[in-house]
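Naming: A, B, ... by sequence-line order, numbering from 1 per chain. The figures that follow rest on heavy atoms only: side chains count, while hydrogens, waters and symmetry mates do not.
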Amino acid sequence: MKRKLEISELVFKVIAYTFLTVFALLCLYPFLYAISASISGRHAVEYQELILFPKNIQFEAFRDMFGNNQFWNAYSNTLFLTIYGTIWSLVIAILGGYALSKKRLLFRKGFNFFLVFTMWFSAGIVPQYLNYLATKSVFNSVGIMDDKWLVVIAMGMAAMNTILLRNAFENVPSEIEEAAIVDGASEFQVLTKVHIPMSKSTIATVALFFAISRWNGYFWARQMISNNNEQPLQVFIRNQLEQYTDLEQLASWTKDYAADSVIFALIVCSIIPILIIYPFIQKYFAKGTNAGGVKE
Amino acid sequence: MAELQLHHLDKIYDNNVQAVYDFNLDVKDGELIVLVGPSGCGKSTTLRMVAGLEDISRGNLLLDGRDITQAPAKDRDMAMVFQNYALYGHMTIYENMAFSLTLRKENPNVIHKKVLAAAEILDLTAQLNKKPSQLSGGQRQRVAMGRAIVRNPKVFLFDEPLSNLDAKLRSATRREILLLHKRLNATILYVTHDQTEALTLANRIVCMSMGHVQQIGTPLELYDSPNNTFVATFIGLPPMNMLKVTIEDGKAKGDGFEVPLSAEDCAMLAPWSRKEVILGVRPEYIAEGGDLKLKVSTNENLGMTTLVHGKMGENTRLTAKFRSWANYKNGDIVPIHFTRMLFFDPETTNAIRKEGK
């Protein structure tokens with residue numbers, strides 16, 4: 001038989017659920033509005049008649065955007081930066097986190113301190129700029145002139161994510177590592193066959209953090225990438241925004257949809273991949289993979 | 001063939017704490033050696049030095065005559081079973097057992113055969129596709145053993161493998177280890193703090209305390225003629241009664257009791273005449289009937305035997321193990337006698353033995 005809730009519990013539950021539902025709706029609303037505005041007619045958008053549901057539905061904004069080669073170019077640039085950037089950042093964070101998780105690492109405390117220090121006292125964009133300059137000079141000396149790789153390589157390090165992985169690796173029971181060593185695993189095999197699979201959930205989380213930050217990366221791409229054809233989607237959206245808010249442009253606007261609809265269509269397209277990936281990675285968030293390996 | 005020699009092993013940690021002092025042991029091929037002692041006595045450290053998980057500070061370790069003191073763990077050809085199983089939680093039981101062979105890039109058919117054979121021995125065939133979390137504690141420890149068996153290593157190392165199991169499973173798994181030892185005729189180094197495990201499993205026991213080896217010998221040797229009071233009280237359950245006595249007029253006189261000594265004991269204890277020594281009497285060396293009087297405080301029936309706790313005199317506590325079902329009550333006076341006595345030097349705590357023994 002189900003236990004009856006006490007009044008105080010009931011009140012708490014009602015308040016909590018109401019609050020969370022309202023909060024979730026508030027988070028959801030901008031998404032829905034963006035979708036709605038991207039497919040509504042010109043008049044409804046320009047005169048701000050939209051509340052939630054689209055009016056005078058049109059798909060021309062999307063059609064024109066999909067027909068724009070620059071859009072696809074920017075999209076592919078973003079995919080490039082996201083895929084390679086995430087891989088590169090993960091490699092650094094995994095190797096760094098693994099080394100820092102080992103008590104036998106020389107100067108371990110010092111390294112950990114430096115890592116955490118950058119989180120307490122962020123020096124703004126200075127270190128990243130220095131990192132950019134250093135990477136660029138290395139690139140130039142070996143003859144690599146590709147600015148996209150520059151963004152991928154120079155922006156690879158993230159202290160917070162490295163610490164998250166360090167903690168995950170520290171939580172792998174030492175006996176399991178020792179068992180692997182006695183079983184004949186090399187240091188690298190201990191990492192790849194034991195620590196990484198056992199820290200899958202944290203790695204998935206960190207990978208998602210990296211992917212989102214790379215996907216949304218705007219500032220450094222804009223600063224580092226000189227060639228317009230190499231700019232990612234976020235910079236492209238920004239350029240479009242500047243273009244469409246230009247009064248002259250707007251005056252000569254002859255389409256059936258509002259200029260804003262293009263921006264909203266772009267925004268919708270830029271969010272979709274994250275929305276698709278998220279549920280796949282989400283299952284790792286709550287679940288540990290080391291259940292039953294050692295007696296706690 | 002696998003003979004293991006530990007020569008003068010010392011373990012000194014970076015903070016200058018010494019965990020093991022001058023450990024010497026020759027393990028013969030196929031021998032099951034149990035290292036036993038209380039927590040912190042250095043037994044696990046010794047095992048970990050043999051496994052290559054701890055550096056050896058001083059001394060030499062030889063496997064079949066080859067010096068492996070400096071060899072990395074993976075090159076020592078030893079398999080280890082840990083107290084908390086140390087299974088790879090993300091792998092199936094099959095993958096767990098195959099892991100070491102996979103690392104060695106063995107032929108998959110060979111791996112398959114070996115894993116199935118080990119699973120058969122350990123009754124794990126039905127569990128091969130499961131994950132460790134789906135298995136019971138006893139099954140998990142069997143998987144850990146299976147992981148060791150498939151490798152066919154020169155030496156098996158067990159680090160308190162039964163400590164996490166409940167009493168029933170512990171005795172069942174203990175029997176399995178014994179059978180396994182007979183079946184594989186493997187050289188085994190086994191660490192435990194449980195003297196029952198040591199007595200039942202070992203060909204020879206190494207009893208340790210505070211990093212020092214106290215005695216090495218067969219279970220019967222350690223039980224029957226312990227080197228010192230530590231071994232005497234550590235081996236055997238309930239522990240040996242240690243009574244302070246003075247040797248006088250051919251008798252051992254203690255608080256509230258006197259025991260006549262045999263001519264042999266008198267001769268042996270001549271140097272201790274009118275001096276204090278420690279009289280060691282195992283609870284099972286005490287029988288009903290005789291001149292001594294035990295004032296009962298508690299009576300524990302264990303089925304076949306009865307443990308009777310009480311006092312002789314004011315301060316001499318004594319535990320006796322009678323081979324009968326007794327029902328003594330608090331305050332009852334039970335006549336008893338000692339069937340066997342051991343003597344220890346109170347200063348050195350060493351056993352006092354007859355010349356040449």
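Counting heavy atoms from C-beta on, the side chains of B:Leu103 and A:Lys193 come closer than 4.5 Å. Contact annotation: the side chain of A:Ile181 never approaches that of B:Met80 to less than 4.5 Å [non-hydrogen atoms, C-beta and beyond].
Remark: A:Tyr218 OH is packed, more than 12 non-hydrogen atoms of other residues, nucleotides or ligands lying under 6.0 Å away. Annotation: B:Asn129, atom CG; neighbour count of heavy atoms from other residues, nucleotides and ligands within 6.0 Å does not exceed 12. No more than 12 heavy atoms of other residues, nucleotides or ligands shown are found within 6.0 angstrom of OH on A:Tyr84. By the 6.0 Å contact criterion, CZ on A:Phe219 is enclosed, its count of non-hydrogen atoms from other residues, nucleotides or ligands being greater than 12. Atom NZ of B:Lys113 is surrounded by 12 or fewer heavy atoms from other residues, nucleotides or ligands within 6.0 Å. Counting heavy atoms of neighbouring residues, nucleotides and ligands inside a 6.0 Å radius, atom CG of B:Asp55 does not exceed 12 of them. Counting heavy atoms of neighbouring residues, nucleotides and ligands inside a 6.0 Å radius, atom OH of B:Tyr13 exceeds 12 of them.
Considering only heavy-atom pairs separated by less than 4.5 Å from chain A, the leading option among B:Met78, B:Arg48, B:Lys131 is B:Arg48. Between chain B and the options A:Ser186, A:Ala185, A:Ser174, A:Gly184, heavy-atom pairs under 4.5 Å are most frequent for A:Gly184.
To the nearest 0.5 Å, atoms CE (A:Met198) and OH (B:Tyr88) are separated by 8.5 Å. B:Met97 contributes atom CE, which lies 11.5 Å from atom CG of A:Asp183 (distance to the nearest 0.5 angstrom). The distance from the CZ atom of A:Arg104 to the CG atom of B:Asp14 is 13.5 Å, given to the nearest 0.5 Å.
Both the backbone and the side chain of A:Glu178 come within less than 4.5 Å of a heavy atom in chain B. Contacts of B:Arg76 with chain A are absent, with no heavy-atom separation under 4.5 Å from either backbone or side chain.
Of all the heavy atoms in A:Ala179 and B:Arg147, the pair that sits closest is CB-NH2, 3.6 Å.
With B:His90 contributing its side chain and A:Ser199 its backbone, the two residues share no donor-acceptor pair below 3.5 Å.
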